[in-house]
Amino acid sequence: MEDHSKIVGEGLKKMITKLVSMSKADKHDVFNDISWPDQLDDNQFWISRHLISLYNTPLIEQVSEEELYRLSKEECVNFFSLNVHGIRELLLDVMQYIHQPKFEVVSEFLHHFIDEENEHMFFFAKFCQKYAGKIYDDKFLKYPTDNTSGNVRLFFVFMRIWTFEMIVDYYNSQMANDKSLHPFIQEINGLHHKDESRHIAFGGKLLQSVFKDLLELESSETINSIRTYTQNYIKNRMGMFYNPYAYKAAGIEDFFSMRNVLLENEGRREMHKEILKGMLNKLYDYEIILDKNIYS
Ligand SMILES: [Fe+2]
Ligand SMILES: [Fe+2]
């Protein structure tokens with residue numbers, strides 16, 4: 001028997017009311033309001049230089065500026081593609097909870113969440129198709145799902161959503177303010193960041209509350225396996241940014257070994273720590289992880 005009786009405490013209730021009114025006030029029509037440039041110049045950075053997956057390794061010094069532009073375009077398309085796939089997965093997960101018993105208070109917020117994520121999937125997919133003629137498939141973007149139920153499953157679903165959103169939001173918020181990027185690329189990143197800040201506020205609070213109940217109700221063995229799954233999931237998600245097919249499209253010859261080399265690279269580990277810092281601090285505060293250094 002599933003019990004979600006304690007998913008919404010008073011703090012979360014107040015937050016939901018506020019977030020719903022913010023969503024209404026910030027409502028825009030992305031299907032009509034975005035002005036899409038006919039094309040974007042290939043001779044420019046499509047993601048920020050410091051977000052390219054070779055950054056902070058000696059490899060970045062071995063490629064010309066033109067080759068970096070090319071790689072940044074492929075990694076931009078990869079980043080937006082992983083958003084498309086991530087959103088489809090999270091929508092499938094969220095749909096199972098809306099208007100179920102005990103989700104009454106959350107359901108109105110979930111309507112806005114679903115609405116906004118549908119818009120995000122639309123503009124990310126359109127960007128990929130319009131400017132690159134492709135969406136990268138999700139071969140390197142999948143993670144095995146779990147076979148749990150009840151509040152453990154609820155935790156996993158919203159943990160996967162929240163950690164994914166936190167990682168993506170690091171990239172979005174950096175690029176929304178990077179004046180070296182095309183204004184339209186800044187705009188798309190900014191648009192996503194604005195909606196995501198509400199989703200992240202909600203998800204963090206929900207996770208904290210659900211995990212608190214799990215700590216009281218579940219065995220230490222279950223809690224340990226939840227912690228391990230969470231850490232592995234986060235590390236796996238960071239692997240999404242090393243798509244061999246993006247390297248191939250950018251003209252890198254050893255594209256498969258490039259992924260493996262970079263995933264083992266110390267400089268890249270340092271970058272991961274920087275990207276994940278805010279999220280790991282929160283997970284540590286919520287007691288969901290016991291060590292902020294998940295790469296140790
Ligand atoms: Fe989104
Ligand atoms: Fe979101």
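The basis for the numbers below is simple: all heavy atoms, side chains too, and nothing from hydrogens, waters or symmetry mates. Counting starts at 1 for both ligands and their atoms, following the listed order.
E74 and Y136 share a donor-acceptor pair across their side chains, judged by distance under 3.5 Å alone.
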Got a list of side-chain donor-acceptor pairs under 3.5 Å for residues 52-63, not counting sequence neighbours?
| residue | atom | partner | partner atom | Å |
| --- | --- | --- | --- | --- |
| S53 | OG | E75 | OE2 | 2.5 |
| S53 | OG | Y247 | OH | 2.8 |
| N56 | ND2 | G267 | O | 2.9 |
| T57 | OG1 | L54 | O | 2.7 |
| T57 | OG1 | L59 | N | 3.2 |

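None of K126, K194, K27 except one satisfies the salt bridge (charged side-chain N to carboxylate O under 4.0 Å, His left out) rule with E119; the exception is K27.
Distance alone, capped at 3.5 Å, is enough to place a donor-acceptor pair between the Q96 side chain and the D93 backbone.
Using the six-membered ring where Trp is involved, W36 and Y131 have ring planes that are tilted, between 30° and 60° apart.
Salt bridge K212/E287: absent, no basic N to carboxylate O contact under 4.0 Å.
For the Fe ion (ligand 2), protein N, O or S atoms closer than 2.8 Å were enumerated as E117 OE2, E165 OE2, E196 OE1, E196 OE2, H199 ND1, with waters left out.
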